[in-house]
Amino acid sequence: EPEALLASLMVSEGEPLTQDQVIALVETTKSTGEIRAESEGFLVGLRYSEGDTLSAGDVLGYIGDSPDAQDPALPPWAPEENDLPQAKDNPEGLRITSPARDLARQHGLDLKAFPQGPLITRQMVAARLSEGKTTSPIPAEENRLIVYGAGGHGRSLVALIRELDRYEIIGFVDDGYPPDDRVFGLPILGGGNTLESLAGEGLRLAVNGVGGVGDLESRLSVYEQLRQANFHVPSVTHPTAWIEKSAALEDGCQVFPFAYIGTQARVGFGCIVNTGVIVSHNVELGPYVNLSPGATLAGGVVVAARALIGMRATINLNVRVGECARIGNGATVKADVPDGGIVPAGTIWPPRY
């Protein structure tokens, strides 16, 4: 995953280190890892504190030959280059790339509506623009369908769709396989650059087979590519799933075996409701929410756009999980989680310490 929580620091600034000593523990939604000293020395230039969110590639600190060692060419002693220059009129605390900011302004989107914390990319803005948009009408008799993504999630979708007796699956679109290869009994039709030609052949239906647990941006990018090629993304529901009549699902939803969606629940565009998930009454899921196998959402829960709920996680009554938040496997959430928040696997939120 691209981000991790700095769960614990075992060493303070200036303290001595031995080789292979554990310096810190980091947690993602699925696992816990250790940061160890590569050599003996002293921990210097420590740049983060417990509870901070680290991104892939960040430097936690350095190993120096003395407690006060410094290198004027490195941060924090040298000015750090800003890879993401922020406009003066950006909302305070918003992390957004220049292309994403330009696209949002071009379409009149309020930058204050985006969450603080996670990096907002152009693909995320484009996905927000496409929410709720529909393509031109699909002929009622059209049943030919392609699956974008031939990985594990895409193959699971194929197994689901084959149980419906509704669609004829033409094949996979995937940039990672050579054309004319076969995966799970289906041909590889080509990569994403073939979508327009497939649409020109009359194909209009597609499902997103990119799970995006560790790379949400890739999943959102697929939806944008399908929209630009004028594909319609239908919802697909396994026959063993139970959806109450008063529940409402937008297009692009994927509901896997033995899932339950309760009365007056609202499920936004592009959500994944995985195997054995319980979505109780009056739950609201924003666009592109991903509920992992076995997750349980109590009544009145609100999960904002692009959030991830891990396997066997439990969200208590009337709790709100913020936009782009991630709840780890087996976690219990008893209070609201802010936009971009991370609840480590197996923990209780809010923390007791």
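Note that the coordinates shown come from a computational prediction; the quantities given were computed from them, not determined experimentally.
Note: the hydrophobic cluster containing Leu226 also contains Leu203 (ILVMFWY, side chain heavy atoms under 4.5 Å, direct or indirect links). Connection of Leu5 to Leu25 is not established within any shared hydrophobic cluster, with ILVMFWY side chains joined at heavy-atom distances below 4.5 Å, either directly or through further cluster members. In the hydrophobic clustering of this structure, Val255 does not group with Phe258; members are Ile, Leu, Val, Met, Phe, Trp, Tyr whose side-chain heavy atoms approach within less than 4.5 Å, directly or through other members. Linking Ile, Leu, Val, Met, Phe, Trp and Tyr whenever their side-chain heavy atoms come within less than 4.5 Å puts Ile63 and Val22 in one cluster. Residues Val333 and Leu317 do not share a hydrophobic cluster, clusters being chains of Ile/Leu/Val/Met/Phe/Trp/Tyr side chains in contact below 4.5 Å.
The shortest distance between side-chain heavy atoms of Val283 and Arg266 does not fall below 4.5 Å. Under the 4.5 Å side-chain criterion, counting only non-hydrogen atoms from C-beta, Phe172 is in contact with Phe184. Within the 4.5 Å cutoff, side-chain heavy atoms of Gln254 are placed close to those of Leu157. Contact annotation: the side chain of Asp251 approaches that of His232 to within less than 4.5 Å [non-hydrogen atoms, C-beta and beyond]. At a threshold of 4.5 Å between non-hydrogen side-chain atoms, the residues Pro187 and Tyr177 do not count as touching. The side-chain heavy atoms of Val277 and Thr275, taken from C-beta on, include no pair separated by under 4.5 Å. Leu9 has its side chain within reach of Leu46: a pair of non-hydrogen atoms, C-beta onward, lies under 4.5 Å apart. For the pair Ile188/Asp180, no side-chain contact is recorded, criterion being any heavy-atom separation below 4.5 Å from C-beta on.
Here the straight-line distance linking atom NE2 of His238 with atom OG of Ser156 works out to 10.5 Å at 0.5 Å rounding. Atom-to-atom distance recorded for Leu111:CG and Arg101:CZ is 8.0 Å, nearest 0.5 angstrom. Here the CG-OG distance, from Leu297 to Ser280, works out to 7.0 Å after rounding to the nearest 0.5 Å. Between Leu17 atom CG and Met10 atom CE the span is 13.0 Å, to the nearest 0.5 Å. Considering CE of Met311 and CD1 of Ile327, their distance stands at 14.5 Å, rounded to 0.5 Å. Taken to the nearest 0.5 Å, the CD atom of Gln225 stands 11.5 Å off from the CG atom of Leu220.
Counting only distance, with no hydrogens or angles, the side chain of Ser292 and the backbone of Ile309 share a donor-acceptor pair below 3.5 Å. Distance alone, capped at 3.5 Å, is enough to place a donor-acceptor pair between the Glu13 side chain and the Gly45 backbone. Side chain of Thr296 to main chain of Arg312: no donor-acceptor pair is present (N/O by atom type, distance under 3.5 Å, no hydrogens or angles). Under the 3.5 Å distance criterion, the side-chain polar atoms of Asp174 are matched with a main-chain donor or acceptor of Ala150.
Summarising the local packing, CD of Glu34 is surrounded by more than 12 heavy atoms from other residues, nucleotides or ligands at distances under 6.0 Å. With a 6.0 Å radius and a threshold of 12 heavy atoms from other residues, nucleotides or ligands, Glu196 has its CD atom at or below the threshold. Summarising the local packing, CD of Gln228 is surrounded by more than 12 heavy atoms from other residues, nucleotides or ligands at distances under 6.0 Å. Taking a 6.0 Å sphere around CG of Asp110, one finds it holds more than 12 heavy atoms contributed by other residues, nucleotides or ligands. Under a cut-off of 6.0 angstrom, the local environment of CZ in Arg155 is crowded, with over 12 non-hydrogen atoms contributed by other residues, nucleotides or ligands.
The side chain to side chain contact (heavy atoms under 4.5 Å, CB included) search around Asp20 returns Arg36, not counting sequence neighbours. For Tyr48, the side chain to side chain contact (heavy atoms under 4.5 Å, CB included) test picks out Leu6, Asp52, Leu54, Asp58, Leu60, with sequence neighbours left out. Applying the side chain to side chain contact (heavy atoms under 4.5 Å, CB included) rule to Ile348 yields the partners Thr332, Lys334, Arg352; only residues at least two apart in sequence or on another chain are considered.
Classification of the Phe269-Tyr288 ring pair by plane angle, with boundaries at 30° and 60°, yields perpendicular.
Nearest heavy atoms, Trp77 versus Asp71: CE3-O, 3.3 Å. Taking all atoms of both residues into account, the shortest heavy-atom contact from Pro338 to Trp349 is CD-CZ2, 4.0 Å. Of all the heavy atoms in Ala313 and Gly328, the pair that sits closest is CB-O, 3.7 Å. Nearest heavy atoms, Phe231 versus Leu195: CE1-O, 3.5 Å. Across every non-hydrogen atom of Ser246 and Gln264, the tightest pair is OG-N, 2.9 Å. When all heavy atoms of Gly14 and Pro67 are compared, the closest pair comes out as O-CB, 3.7 Å.
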Can you list, pair by pair, the side-chain donor-acceptor contacts under 3.5 Å of residues 163-170, counting residues two or more places apart and other chains?
none

Identify each donor-acceptor pair in which a side-chain atom of residues 140-147 lies under 3.5 Å from a protein atom, sequence neighbours left out, and give them as a table.
residue, atom, partner, partner atom, Å
Glu142, OE2, Arg144, N, 2.9
Glu142, OE2, Arg144, NE, 3.1
Arg144, NH2, Gly202, O, 3.2

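Counting only N and O atoms by type, the side chains of Arg219 and Tyr223 include a donor and acceptor under 3.5 Å apart. Remark: the Glu244 side chain and the His281 side chain contain no N/O donor-acceptor pair separated by less than 3.5 Å.
Salt bridge absent: Arg306 and Asp339 never bring a charged side-chain N and a carboxylate O closer than 4.0 Å.
Its side chain within the 4.5 Å cluster rule, Ile278 clusters with Trp242, Tyr260 among the Ile, Leu, Val, Met, Phe, Trp and Tyr residues.
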Exercise. List the steps, then state whether side-chain contact (heavy atoms from CB on, under 4.5 Å) holds for Glu27 with Ile342.
Key: CA-CA 9 Å; Glu27 295 181 345; Ile342 297 177; over 6 Å; no

Practice problem: Walk me through it: do Asp65 and Phe42 pass the test side-chain contact (heavy atoms from CB on, under 4.5 Å)? | Solution: CA-CA 6 Å; Asp65 55 9; Phe42 297 86; 5.9 Å; no

Exercise. Evaluate the side-chain contact (heavy atoms from CB on, under 4.5 Å) criterion for residues Asn290 and Cys271: first the C-alpha distance (whole Å), next the side-chain angles of each, then the deciding distance (0.1 Å), finally the verdict.
Key: CA-CA 6 Å; Asn290 190 337; Cys271 288; over 6 Å; no

Exercise. Given side-chain contact (heavy atoms from CB on, under 4.5 Å), test Arg204 with Asn230 step by step and report yes or no.
Key: CA-CA 7 Å; Arg204 297 293 310 286; Asn230 205 30; 3.6 Å; yes

